Undergrad: 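Input: one structure, supplied below.
All values derive from a computational prediction rather than experimental measurement.
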Amino acid sequence: MQIGIFLGNLGNPLIYYPKLAKITGGVSASILLCQLFQWQSQLKKTEWLTTNCDEIEAVTGLNSEEQELAINQLKSRSLLKAKSINYHIYTWELWADIDVFEEILNNYFTGISDDSITQTLPKSLNYPVEIVADNSSSNPNIKTDKFFGQPRKPIAVAVTPNYQFSGPWNSQEQLHNFQRALEAYARKCNLGFGNPSGWAFKIIDSITKGLASTFWDEFIAGIPLGESQKVQRDWEIAPEVPYPAFEEERIQYYVHKGEPLEAAVSKARADLRNPVLGKDLWEGFLRKCDRLAEDAFQAKQRGVETPYLPSSFNEKPQITKDSVMRKLGAIAPQFALNQATSEPTPEPPKLAETASLIPAETPSISALQKAYNTPLGRSIIEKQIAANPDWGYEIVDGEIVESIPF
């Protein structure tokens, strides 16, 4: 191929000015800006240039990515105003600002350094970014936006070396004892603290900041933590101790609904610990008591000596661990509740020891026969007769008879 034909097929050459790259931001931006100035010279002064990606690439050789980069560089330097008409086919309305370009060129050729050119903006644009002097020697010029104010300064928190809690405690040992008491209180009351140590830290930290704490007052006075903060409600004879009849009435409510006794007790006590529900139940219980008292008063007027009262109003002995252990120990010592504790259950006296301590009384045949006829007493009576030959009894064909000595 001849060189003339080759050059003719390449099209018209474009002139590129290398120094414009420092003003516009790059080679692609310089080429695009020069081409836009050429196109705008053929239009009216106020008319925007409408073009697309294919037209620019055909003239400048810049692909879509290079065009987008060039447009962003020119816009950041206020050399170009652009409106995207159709983003999918890369169609824009462009306007290259010749006035801004001339002002930047004047600043460049009057001796301003290359680095400051990129930060220089024309005064005629009234752009909301201005250069503000800073007292810092490392950063003499910073950009601030006057519409949004100064950037927030980092918060400096003064930290004291070897920091220790300072409070009303006299020694570090007293502080540690108070902390352990708080943690034990959180675990004991099961107040829903996932981390008792974290809760204790918040209490101690609030005291160091000058806040009063009832827990510290209780700790100093030797009172169990939380004791003075308990509230005695109308339905309680002591803080967290409801009236026995009221509690029994709620337990019987759940028992009649088919709940096991253990579950009924748990649900009843949970209801009475709820201040709102407990108050409503207490008001209903008082109305019931008033109605029962009216019925009992009328019955007495009619001559009834002992008016009817529900079972919950009957006095019952208090059920405690010791009372249950005594009953279980009397019936089946091996099943006593304190068998797994450090205090061993006293073993029942052996038969020989019992005979030596208590005078043996020979039971009658009729009493033994009556107990022997029951399925549970059969094996017991057989063992007793075998262990007490001095009674002179034996079992023959299911009957207890006197043994014949010959």
Side-chain angles (χ1 to χ4, degrees), residues 10-87 90-151:
L10 289 179
N12 298 325
L14 296 179
I15 299 175
Y16 164 68
Y17 301 98
K19 288 187 178 181
L20 288 182
K22 294 186 177 182
I23 298 176
T24 60
V27 176
S28 300
S30 301
I31 296 174
L32 178 61
L33 183 63
C34 293
Q35 183 61 41
L36 292 177
F37 283 148
Q38 182 181 355
W39 280 344
Q40 285 182 198
S41 63
Q42 304 172 7
L43 302 174
K44 296 180 181 179
K45 187 175 182 180
T46 59
E47 186 177 356
W48 285 52
L49 174 65
T50 303
T51 184
N52 55 44
C53 178
D54 295 336
E55 291 180 359
I56 297 175
E57 184 175 2
V59 177
T60 62
L62 302 175
N63 57 29
S64 59
E65 295 179 357
E66 293 172 335
Q67 293 176 32
E68 188 173 358
L69 175 61
I71 291 174
N72 291 333
Q73 289 175 338
L74 294 174
K75 287 173 62 178
S76 64
R77 288 161 175 77
S78 301
L79 293 171
L80 178 66
K81 299 177 182 178
K83 298 178 184 178
S84 178
I85 300 177
N86 193 331
Y87 179 78
Y90 295 96
T91 301
W92 299 288
E93 285 186 351
L94 303 176
W95 173 259
D97 198 329
I98 187 68
D99 297 328
V100 176
F101 181 66
E102 289 179 353
E103 187 171 351
I104 294 177
L105 283 180
N106 292 333
N107 293 333
Y108 178 75
F109 289 113
T110 53
I112 301 178
S113 62
D114 296 339
D115 295 335
S116 61
I117 288 177
T118 57
Q119 298 180 1
T120 304
L121 295 174
K123 298 179 181 178
S124 60
L125 290 177
N126 194 18
Y127 197 69
V129 177
E130 56 186 356
I131 298 176
V132 181
D134 190 9
N135 295 329
S136 174
S137 58
S138 60
N139 187 14
N141 296 322
I142 60 172
K143 289 183 178 180
T144 58
D145 194 332
K146 66 181 181 181
F147 289 100
F148 292 93
Q150 295 288 342

Undergrad: Nearest 0.5 Å please: distance from the CD atom of Glu66 over to the CD atom of Glu57.
TA: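 CD of Glu57 is found 8.5 Å from CD of Glu66.
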Undergrad: Given 3.5 Å as the limit, does a donor-acceptor pair link the side chain of Gln40 with the main chain of Phe37, or not?
TA: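 No: the side chain of Gln40 does not pair with the backbone of Phe37.
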Undergrad: Give a yes or no answer on whether the side chain of Gln67 reaches the backbone of Cys53 with a donor-acceptor pair at less than 3.5 Å.
TA: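 Side chain of Gln67 to backbone of Cys53, a donor-acceptor pair under 3.5 Å: yes, one is there.
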Undergrad: Rounded to the nearest 0.5 Å, what's the gap from CG on Leu69 to CG on Leu74? Could you check?
TA: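 With rounding to 0.5 Å, CG (Leu69) is 9.5 Å from CG (Leu74).
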Undergrad: Among Asn107, Asp99, Val100, which one satisfies side-chain contact (heavy atoms from CB on, under 4.5 Å) with Glu103?
TA: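 Exactly one option meets the side-chain contact (heavy atoms from CB on, under 4.5 Å) with Glu103, and it is Asn107.
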Undergrad: So, for Leu79 and Leu33, which heavy atoms are closest and what is the spacing to 0.1 Å?
TA: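 Nearest heavy atoms, Leu79 then Leu33: O-CD1, 4.3 Å.
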Undergrad: Just so I know, are the side chains of Cys34 and Leu20 near enough to count as touching, which here means a heavy-atom distance under 4.5 Å?
TA: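 Yes - at least one pair of side-chain heavy atoms lies under 4.5 Å apart.
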Undergrad: Indicate yes or no for a side-chain donor-acceptor contact from Thr60 to the backbone of Leu32 under 3.5 Å, with no hydrogens or angles considered.
TA: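 Not at all, since once roles are kept as given, no pair shorter than 3.5 Å links the two residues.
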Undergrad: Go through the structure and list residues passing side chain to side chain donor-acceptor pair (under 3.5 Å) with Ser28, not counting sequence neighbours.
TA: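 Not a single residue meets the side chain to side chain donor-acceptor pair (under 3.5 Å) criterion with Ser28.
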Undergrad: For a side chain to side chain contact (heavy atoms under 4.5 Å, CB included) check, start with the C-alpha distance between Trp95 and Leu43, then their side-chain angles and the critical distance, and finish with the verdict.
TA: CA-CA 11 Å; Trp95 173 259; Leu43 302 174; over 6 Å; no
Undergrad: Considering all heavy atoms of both residues, which atom of Glu93 and which atom of Thr50 are nearest to each other, and what is their separation?
TA: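 That would be CG-OG1, 3.7 Å.
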Undergrad: First locate atom OG of Ser64, then atom CG of Asn52, and finally report the distance between them rounded to the nearest 0.5 Å.
TA: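 Here the rounded value is 12.0 Å.
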Undergrad: Quick one: closest heavy-atom pair of Ala96 and Leu36, and the distance?
TA: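 Smallest heavy-atom distance, with atoms named: CB-CB, 4.1 Å.
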Undergrad: Report the distance from atom CG of Leu49 to atom CD of Gln42, rounding to the nearest 0.5 Å.
TA: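 Taking CG in Leu49 and CD in Gln42, the distance rounds to 9.5 Å.
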Undergrad: For Glu55, enumerate each residue passing the side chain to side chain donor-acceptor pair (under 3.5 Å) test, keeping only those at least two apart in sequence or located in another chain.
TA: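 Glu55: side chain to side chain donor-acceptor pair (under 3.5 Å) contacts with Thr51.
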Undergrad: Atom CG in Leu62, atom CD1 in Ile71: separation rounded to 0.5 Å?
TA: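 These two atoms lie 10.0 Å from each other.
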Undergrad: According to the ring-ring contact (aromatic ring centres under 6.0 Å, His included) rule, which pairs have a member within residues 50-73, sequence neighbours left out?
TA: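 Residue pairs passing ring-ring contact (aromatic ring centres under 6.0 Å, His included), neighbours aside: none found.
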Undergrad: Which heavy atom in Thr24 sits nearest to a heavy atom in Gln73, and how many Å separate them?
TA: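 Looking at all heavy atoms of both residues, the closest pair is O-CB, 3.7 Å.
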Undergrad: Do the side chains of Trp92 and Leu80 get nearer than 4.5 Å, heavy atoms only?
TA: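 Answer no - side chains too far apart.
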Undergrad: Testing the basics here: between Ser78 and Asp97, what is the closest heavy-atom pair and its distance to 0.1 Å?
TA: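 Distance-wise, the nearest heavy atoms are O-CB, 4.2 Å.
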Undergrad: Flag this pair as yes if the NZ/CZ of Lys83 is under 6.0 angstrom from the six-membered ring centre of Trp48 and inside a 45 degree cone about the axis; otherwise no.
TA: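 Yes, cation above the ring, under 6.0 Å and within 45°.
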